[in-house]
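Every chain is numbered from 1 and lettered A, B, ... according to where its sequence line falls, protein lines coming before strand lines.
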Amino acid sequence: MAERPKFWLVKTEPDCFSIDDLARAPRQTTCWSGVRNYQARNYMRDEMKLGDRVLFYHSSTDPPAIVGVATVARESYPDHTAWDAKDDHYDPKSPQDNPRWFMVDLKFEQKFAEPLPLERLRGLPALQEMELLRKGSRLSVQPVRAAEFAAVLKLAGVK
DNA sequence: GCCAACGTTGGC
DNA sequence: GCCAACGTTGGC
């Protein structure tokens with residue numbers, strides 16, 4: 001039996017969907033739609049389970065930073081945005097009877113008092129192997145080790 | 001805006 | 001199945 005909960009990190013561009021958007025959403029929950037990368041999909045489809053905790057990261061902003069925590073509120077189901085021809089993430093190769101893309105629901109847990117910029121995370125011994133900090137890392141849904149998750153929360157001054 | 005790193009596509 | 005070309009991501 002794999003240990004639970006597992007820990008994750010998701011990236012989002014705050015101009016598109018920020019942690020404040022999540023906090024304001026109905027039931028403070030959103031579907032994590034639009035992921036179109038197979039490895040990220042596999043994590044969502046196969047490994048993210050109810051109650052897993054998720055670091056919330058803002059990319060393509062100044063500074064890029066981990067800004068809070070969410071939790072998995074619903075396990076994987078088909079990403080319906082792949083079926084909407086008007087959606088930016090429409091994928092004609094994802095038929096309704098054999099969906100290619102999946103998503104989970106994420107629920108707001110907390111926003112850090114201060115964002116933790118990438119620059120502050122780099123060089124921390126506990127985070128030396130963290131996927132987020134690897135050069136060239138682009139994975140938008142990635143696993144986080146328990147010790148890494150704990151180190152990030154400690155740095156943020158929260159539990 | 002640049003560009004390195006990475007993923008995907010498609011000709012062969 | 002190889003790999004060049006292309007598109008995307010995302011820090012800087």
Could you state the atom-to-atom distance from [atom1] of [X] to [atom2] of [N] in whole Å?
X       : N       : atom1 : atom2 : answer
W101(A) : dT8(B)  : CH2   : C1'   : 10 Å
D62(A)  : dG1(B)  : CG    : P     : 16 Å
R100(A) : dT8(B)  : CZ    : P     : 10 Å
N37(A)  : dG10(C) : CG    : C1'   : 14 Å
D15(A)  : dT9(C)  : CG    : P     : 14 Å
Q39(A)  : dT8(B)  : CD    : C1'   : 14 Å
H89(A)  : dT8(B)  : NE2   : C1'   : 17 Å
D88(A)  : dG7(C)  : CG    : P     : 18 Å

For DNA chain B, find the residues of residues 112-124 of chain A with a heavy-atom distance under 4.0 Å and give them by number; none if there aren't any.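 Heavy-atom contacts with DNA chain B come from no residue of residues 112-124 of chain A; none.
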Hey, can you pull the residues of residues 132-140 of chain A with a non-hydrogen atom under 4.0 angstrom from DNA chain B?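 The stretch gives R134(A), K135(A), G136(A), R138(A) as the residues lying under 4.0 Å from the strand, ordered by number.
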Walk me through it: do K49(A) and V72(A) pass the test side chain to side chain contact (heavy atoms under 4.5 Å, CB included)? CA-CA 6 Å; K49(A) 299 299 177 190; V72(A) 176; over 6 Å; no
Does a side-chain N or O from Y38(A) land closer than 4.0 Å to OP1 or OP2 of dC6(B), or not?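 No, outside the criterion.
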Is any side-chain nitrogen or oxygen of K11(A) closer than 4.0 Å to OP1 or OP2 of dG11(C)? no
In terms of ring plane angle, is the pair F56(A) and F17(A) parallel, tilted or perpendicular, where the classes change at 30° and 60°?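 Tilted: the ring planes of F56(A) and F17(A) meet at 30° to 60°.
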Taking the side chain as every heavy atom from C-beta outward, state whether E47(A) and N42(A) have any pair of such atoms under 4.5 Å apart. no
For L116(A), which of L55(A), V67(A), V152(A) qualifies under side chain to side chain contact (heavy atoms under 4.5 Å, CB included)? V152(A)
Between E131(A) and R134(A), is the closest basic N to carboxylate O distance under 4.0 Å? yes
Is the closest basic N to carboxylate O distance between R24(A) and D21(A) below 4.0 Å?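 Answer for the salt bridge query: yes.
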Residues that R36(A) engages under side chain to side chain donor-acceptor pair (under 3.5 Å), provided they are two or more places apart: D79(A), T81(A)
Taking atom CD of E13(A) and atom OG of S18(A), what is their separation to the nearest 0.5 Å? 12.0 Å
Examine R45(A) relative to Y43(A) and say whether NZ or CZ is less than 6.0 Å from the centre of the six-membered ring and inside a 45° cone about the ring axis.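 Judged by the rule (NZ or CZ under 6.0 Å from the ring centre, within 45° of its axis), R45(A) is not positioned above Y43(A).
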